[in-house]
Amino acid sequence: MSKAESKAPKATEIRAIKGTRDLVAPEVLLFQEVEAQAREVFRRYGFEEIRTPILEPTELFARAVGEETDIVGKEMFTFLDRDERPICLRPEATASVARAYVEHRLWERPGTTKLYYQGPMFRRERPQKGRYRQFSQIGAEVLGSGLPQVDYELLEMLWTLLRACGLGDAELLLNSIGCEADRRRYTEALRAALRPDIERMCADCRRRYERNPLRVLDCKVEADQPIIAALPTMLDYLDEPCRAHFSAVRTMLDEQGLPYRLAPRLVRGLDYYRRTAFEFVHGALGAQNALLGGGRYDGLAQALGAPAQYSEGIGFALGEDRFVIAMQAAGRASPPRGIAAYIAALGPELLPRALRLARELREAGLAVEVGDAQRKLARQLELAARTGARSAVILGPDEVAREEATLRELGTGNQRAVALAALAGELAQPAKAKP
RNA sequence: GUGGGUGUAGCUCAGCUGGUAGAGCGCUGGAUUGUGGCUCCAGUGGCCGAGGGUUCAAAUCCCUCCACCCACCCCA
């Protein structure tokens with residue numbers, strides 16, 4: 001290459017779009033881990049997977065999540081399709097699941113509908129720790145039952161999942177935000193209680209006072225706290241059915257010994273929530289401390305076209321990106337690569353034999369890596385050790401002449417001659433012994 | 001959308017009051033012929049985020065822009 005060429009201006013590097021990122025090892029292994037644990041736990045609780053489109057009509061979220069919410073109002077990636085219809089990248093999946101529930105009349109199938117999902121969601125917010133414009137959620141929804149026991153079982157399932165992932169030290173915050181009428185009465189009560197003090201509160205609270213007084217409750221400004229502490233609590237405004245429902249859920253949690261903290265100030269941001277609302281928080285997450293949130297949304301399915309008697313629902317969404325941060329903070333290590341054997345052939349003329357051996361071992365179910373046969377043995381062994389292989393299979397002219405290989409355990413350095421035909425069996429042993 | 005912080009080799013960072021760049025790790029090769037994780041040696045690699053200004057001279061001072069991070073709002 002000439003100097004002129006090397007000095008040519010470099011094309012500007014193409015980079016991932018703001019708020020999106022590439023996930024590679026070791027991080028991606030933890031994502032796989034959460035997903036695997038979730039699948040297993042969900043299976044035990046009778047959930048089946050649903051895969052809904054990433055693209056949806058914008059209208060769906062406007063109707064289900066609420067026109068006035070931040071998510072719909074300013075955070076959706078929405079655009080006009082070629083036929084001029086507004087479509088968007090889904091900002092969450094509960095609305096999609098409810099849409100599918102209605103579209104396929106899933107209530108006509110026997111039993112309660114229990115569905116889980118996993119996949120990317122999109123919100124156009126300013127990125128920060130644990131918050132991305134494309135992020136992954138795992139969630140589950142129970143549709144067609146309003147029994148308190150369903151709420152209880154869902155929370156129990158979540159505790160199981162958290163523990164399986166090493167996050168048993170998370171905290172469950174629990175509240176009931178009542179039904180629509182309760183919320184209206186409470187909102188009025190809040191406004192009335194705030195009226196004398198509102199001028200002394202922070203600018204955000206003054207704005208919330210107008211738009212959504214419930215939000216005043218989770219204001220973090222120190223000076224406002226005494227005022228907030230004196231405000232009436234939602235729980236005093238629940239009507240009898242809502243109060244009974246909430247009390248039944250709490251009784252079950254107490255009976256079964258599952259911990260939670262009553263959080264009368266916990267408010268959910270999406271319009272469709274009713275009654276039970278919850279959040280699991282974890283200390284490792286900085287400002288975005290919600291690992292997972294959810295609640296009951298009776299009536300959502302009806303708003304999308306389901307018959308009233310089948311429109312009860314409850315679900316949650318778990319932020320995988322945040323979950324993984326918490327797992328790392330909890331010292332959860334990524335699982336090792338698990339290469340069973342690294343084949344080191346000595347010289348290019350032995351490469352075909354090495355490839356054949358690798359093929360046989362792989363057919364036997366073993367993870368195998370083949371080294372560069374032109375490199376000297378020391379180098380190949382070094383790479384073998386550093387890629388995390390459990391053992392090296394040395395294939396030199398001497399060994400091959402006897403239809404053998406030298407099997408070297410990389411942890412201990414012990415090695416011995418093994419017949420090529422017996423290698424698969426030998427390599428499979430330690431894997432079985434592993435916990 | 002608003003605030004604050006940071007931008008120097010692939011990564012983590014040094015470069016004081018201006019004189020066109022360094023370390024550690026990594027990567028490549030070597031320390032006699034087939035044995036790694038240690039050590040030693042050598043090599044590789046940077047228009048010092050971009051553009052403009054001040055100056056004899058700028059990674060270092062000034063301005064603008066951009067990117068990333070953190071926080072607010074809100075949420076998973």
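Letters A, B, ... are given to chains in the order of the sequence lines, protein chains preceding strands, and every chain is numbered from 1.
Nearest-nucleotide assignment on RNA chain B puts the 5′-proximal partner with L377(A), out of Q137(A) and L377(A). Between A290(A) and I17(A), the residue whose closest nucleotide on RNA chain B is further toward the 5' end is I17(A).
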Practice prompt. For E403(A) and R353(A), run salt bridge (Lys or Arg N to Asp or Glu O under 4.0 Å): C-alpha distance rounded to whole Å, both residues' side-chain angles, the deciding distance at 0.1 Å, then the answer.
Written response: CA-CA 10 Å; E403(A) 275 298 302; R353(A) 189 67 191 86; 3.7 Å; yes

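rC70(B) sits 38 Å from rU54(B) when the P atoms are compared, rounded to a whole Å. Comparing the P positions of rC16(B) and rA59(B) gives an interatomic distance of 13 Å, to the nearest angstrom. Here, rG49(B) and rU12(B) have their P atoms 15 Å apart, quoted to the whole Å. When the P atom is compared between rC61(B) and rC69(B), the two are found 25 Å apart, to the nearest whole Å. The same atom, P, is picked in rC68(B) and in rA42(B); the two are 40 Å apart, to the nearest Å. Here the separation of rC13(B) from rG26(B), taken at their C1' atoms, is 14 Å to the nearest Å. Rounded to the nearest Å, the gap between the P atom of rG18(B) and that of rC62(B) is 11 Å. To the nearest whole angstrom, the two P atoms, one in rA31(B) and one in rG37(B), are 14 Å apart.
Taking atom CG on L381(A) and atom P on rG36(B), their separation rounds to 7 Å, with Å as the unit. Rounded to an integer number of Å, the gap from F61(A) CZ to rA76(B) P is 13 Å. Distance CZ (F278(A)) to P (rA76(B)): 10 Å, rounded to an integer number of Å. In this structure, R15(A) places its CZ atom 11 Å from C1' of rG7(B), rounding to the nearest Å. Atom CG in L395(A) sits about 16 Å away from atom P in rU35(B), given to the nearest Å.
The side chain of R379(A) places an N or O atom within less than 4.0 Å of a non-bridging phosphate oxygen (OP1 or OP2) of rG29(B). Proximity of K376(A) to the phosphate of rA31(B): a side-chain N or O atom is located under 4.0 Å from OP1 or OP2. For rC69(B), neither phosphate oxygen OP1 nor OP2 lies less than 4.0 angstrom from any side-chain nitrogen or oxygen of K129(A). Look at Q128(A) and you'll find a side-chain N or O under 4.0 angstrom from OP1 or OP2 of rA71(B).
For R250(A) and F246(A), the positive end sits near the middle of the six-membered ring, less than 6.0 Å away and at most 45° from its axis.
One finds the CD1 atom of I87(A) at 13.0 Å from the CG atom of L60(A) (value rounded to the nearest 0.5 Å).
Residue-level contact check: G371(A) touches neither bases nor backbone, having no heavy atom under 4.0 Å from any strand. E279(A) comes within contact range of no nucleotide atom at all, as no heavy-atom separation falls under 4.0 Å. Using a 4.0 Å heavy-atom criterion, one finds that R375(A) contacts the sugar-phosphate atoms exclusively. Contacts of L346(A) with the nucleic acid, taken as non-hydrogen atoms under 4.0 Å apart, include base atoms. When heavy atoms are screened at a 4.0 angstrom cut-off, Q415(A) is found touching base atoms of the nucleic acid. Nucleic acid contact for L383(A): none, since no nucleic acid atom lies under 4.0 Å from a heavy atom of the residue. Contact annotation for D321(A): no contact, since no heavy-atom pair falls under 4.0 Å across all strands. Using a 4.0 Å heavy-atom distance criterion, G294(A) is classed as making no nucleic acid contact. Contacts of Y132(A) with the nucleic acid, taken as non-hydrogen atoms under 4.0 Å apart, include base atoms. As judged by a 4.0 angstrom heavy-atom cut-off over every strand, G413(A) is placed among the base-contacting residues.
Across all strands shown, rG45(B) forms no Watson-Crick or G-U wobble pair with both distances under 3.5 Å. Summarising the base pairing, rA57(B) is matched to no nucleotide, lacking a Watson-Crick or G-U wobble pair whose two defining distances lie under 3.5 Å. Taking a pair to require two hydrogen-bonding distances under 3.5 Å in either a Watson-Crick or a G-U wobble arrangement, rA23(B) pairs with rU12(B). Pair assignment for rG7(B) gives rC66(B), based on Watson-Crick or G-U wobble hydrogen-bonding distances that are each under 3.5 Å. Base pairing analysis places rU39(B) opposite rA31(B); the two distances defining the Watson-Crick or G-U wobble pair are each below 3.5 Å. With a cut-off of 3.5 Å on both Watson-Crick or G-U wobble distances, the partner of rA71(B) is given as rU2(B).
Between Y272(A) and Y297(A), the ring-plane angle classifies as perpendicular under the 30° and 60° cut-offs.
For rA71(B), the base has no donor-acceptor partner in the side chain of R126(A) [N/O atoms by modelled type, under 3.5 angstrom]. One N or O donor and one acceptor, one from the side chain of E399(A) and one from the base of rG34(B), sit under 3.5 Å apart.
In this structure, a donor-acceptor pair under 3.5 Å is present between the side chains of E399(A) and T406(A). Using modelled atom types and a 3.5 Å distance limit, the side chains of T112(A) and S145(A) yield no donor-acceptor pair.
Here the side chain of D151(A) pairs no donor or acceptor atom with the backbone of V249(A) at under 3.5 angstrom.
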